[in-house]
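In what follows, a single structure is set out as structure tokens and then discussed.
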Amino acid sequence: MTIIFHTIPPLGQGPALKPNQAHLFTVRVDQAQALLPALHSCLSEEECHKAAAFRFQEDRDRSVVARGVLRRLLGQALDREAGEVSLQADANGKPRLGATHHDLPPIGFNVSHSGNIVLIVLALGREVGVDVEQIRPLPDLERLVELCLSPNEARQHRSLAREQRLEAFYTCWTGKEALVKATGQGLGRDLRALDIGLDRMARPRILRLAATSGGAPQRWHLRPFVPAPGYAGACVLGPWP
């Protein structure tokens, strides 16, 4: 499975989606200011209301950029106008293409944003999840480790040099969030029950998880990466249901 990385802007013709490929887009919100009017114009009424509800302008801009660029990319992939792309949430709250696109090839997509960075991943016929976090000091880091990491991961975290622990926590956290977003199990799941390990933390690897319908374990591809200095990111790709 190949992940192809892109940087936006500029936002021209999107790449052709092919089997066994995922396209991962990194968007810098501060460099997308000139695109805001065009991106805002393709949002749904609900998306406009959601963006306007944020108190701070930077949060409003980030919401418009994330949803607007997603619509532009999906529109290019579906040969539709961005404003015509139908989006809906499934029973677990995971965003999907709407029922009006049921006759088109299945496209998995996911979005995450933090600080100045928006990540968007698209893949043909694959479940996908992505997460990004701006690395900031965590005064309660030790408590968060016990709350969010598995016992094995917590032991590995404690064995690291103190100056490595903050980044290691964010790398593990984004990997777990990307995984539960890809599987569609939702962020309400107890993350301590997931063990992705810290021993090979920064390297791509394959995770084997039990299928929800039983049968053989499914293969999920985890790719940690650094989307920008001061950020941790992760992308997960898996089988279509």
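Residues Leu141 and His157 meet the side-chain proximity criterion, which asks for heavy atoms closer than 4.5 Å. Put simply, the side chain of Phe225 reaches to within 4.5 Å of the side chain of Leu24, judged on heavy atoms. In this structure, Leu36 and Gln33 have side chains that are in contact, with non-hydrogen atoms separated by less than 4.5 Å. In this structure, the side chains of Leu144 and Phe169 come closer than 4.5 Å at one or more pairs of heavy atoms. Side-chain contact between Phe25 and Val118 is absent, with no heavy-atom pair separated by less than 4.5 Å. Using a 4.5 Å heavy-atom threshold, the side chains of Lys18 and Leu124 count as separate. Side-chain contact between Phe109 and Leu87: present, with at least one pair of heavy atoms (C-beta onward) separated by less than 4.5 Å. Side-chain contact between Lys181 and Lys94 is absent, with no heavy-atom pair separated by less than 4.5 Å.
Salt bridge present: Glu153 and Lys176 bring a charged side-chain N and a carboxylate O closer than 4.0 Å. By the 4.0 Å N-to-carboxylate-O rule, Arg96 lies close enough to Glu127 to be salt-bridged with it. Ion pair Arg158/Glu146 flagged as a salt bridge, since at least one NZ, NE, NH1 or NH2 atom sits closer than 4.0 Å to an Asp/Glu carboxylate oxygen. We find that Glu47 and Arg71 are joined by a salt bridge, their nearest charged nitrogen and carboxylate oxygen being less than 4.0 Å apart.
The number of heavy-atom neighbours closer than 6.0 Å to CD of Glu46, taken from other residues, nucleotides and ligands shown, is 12 or below. The neighbour count for Glu142 CD, taken as heavy atoms of other residues, nucleotides or ligands under 6.0 Å away, does not exceed 12. Environment of CD in Gln57: crowded, with over 12 heavy atoms of neighbouring residues, nucleotides or ligands closer than 6.0 Å.
Rounding to the nearest 0.5 angstrom, the gap separating the CG atom in Leu70 from the CD1 atom in Ile120 is 5.0 Å. Distance check, rounded to the nearest 0.5 Å: SG of Cys48 to CZ of Arg67 gives 11.5 Å. Here OG of Ser112 is found 6.0 Å from CG of Leu119. Values are rounded to the nearest 0.5 Å. For the atom pair Glu133 CD and Thr171 OG1, the distance stands at 11.0 Å (nearest 0.5 Å). Residue Gln76 holds its CD atom at 10.5 Å from CD of Glu81, rounded to the nearest 0.5 Å. Between the CD atom in Gln218 and the CD1 atom in Ile206 there is a gap of 13.5 Å [rounded to 0.5 Å].
When the options Leu191, Leu149, Leu207 are evaluated for a side-chain contact (heavy atoms from CB on, under 4.5 Å) with Ile196, the one that passes is Leu207.
When all heavy atoms of Ala234 and Leu222 are compared, the closest pair comes out as CB-CD1, 4.2 Å. Nearest heavy-atom pair, Trp173 versus Cys148, reported as atom, atom and distance to 0.1 Å: CZ3-SG, 3.4 Å. Closest of all the heavy-atom pairs between Ala22 and Val121 is CB-CG2, 4.3 Å. Considering every non-hydrogen atom in both Pro224 and Arg205, the closest pair reads CG-NH1, 3.9 Å. Heavy atoms only, all atoms of each residue included: Cys235 and Leu237 are closest at SG-CD2, 3.8 Å.
Checked by atom type and distance alone, the side chain of Arg192 never pairs as donor or acceptor with a backbone atom of Ser150 at under 3.5 Å. Panel note: side chain Tyr170, backbone Arg136; a donor-acceptor pair is recorded below 3.5 Å. Formation of a donor-acceptor pair under 3.5 Å by the Asp90 side chain with backbone atoms of Gly93 is found in this model. For Asp59 (side chain) and Phe54 (main-chain N/O), no donor-acceptor pair under 3.5 Å exists by modelled atom type. With hydrogens and angles disregarded, no donor-acceptor distance shorter than 3.5 Å links the side chain of Gln21 to the backbone of Leu17. A donor-acceptor pair is defined here as one N or O able to donate and one able to accept, closer than 3.5 Å; no such pair exists between the side chain of Ser63 and the backbone of Arg60. With hydrogens and angles ignored, the 3.5 Å screen pairs no side-chain donor or acceptor of Gln134 with any backbone N or O of Ser114. Checking side-chain atoms of Arg223 against main-chain N and O of Ile3 turns up no donor-acceptor pair under 3.5 Å. Of the possible polar contacts, none joining the Glu177 side chain to the Thr174 backbone as a donor-acceptor pair under 3.5 Å is found.
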Yes or no on side-chain contact (heavy atoms from CB on, under 4.5 Å) for Leu97 and Ser86, after CA distance, side-chain angles and deciding distance?
CA-CA 6 Å; Leu97 289 174; Ser86 174; over 6 Å; no

Run the numbers on Leu198 and Leu160 for side-chain contact (heavy atoms from CB on, under 4.5 Å), then give the verdict.
CA-CA 10 Å; Leu198 275 73; Leu160 297 174; 4.2 Å; yes

Step-by-step side-chain hydrogen bond (donor to acceptor under 3.5 Å, both in side chains) determination, Asn116 to Arg62
CA-CA 8 Å; Asn116 190 45; Arg62 187 163 48 239; over 6 Å; no

For Ile117 and Val29: C-alpha separation, side-chain torsions, deciding distance, then whether side-chain contact (heavy atoms from CB on, under 4.5 Å) applies.
CA-CA 6 Å; Ile117 298 297; Val29 177; over 6 Å; no

For Val64 and Leu43, run side-chain contact (heavy atoms from CB on, under 4.5 Å): C-alpha distance rounded to whole Å, both residues' side-chain angles, the deciding distance at 0.1 Å, then the answer.
CA-CA 8 Å; Val64 171; Leu43 300 185; 4.1 Å; yes

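Among residues two or more places apart in sequence or in another chain, the side-chain contact (heavy atoms from CB on, under 4.5 Å) test is passed with Ala182 by Trp220, Val236.
Val128 and Phe5 end up in the same hydrophobic cluster when Ile, Leu, Val, Met, Phe, Trp and Tyr side chains are linked at under 4.5 Å.
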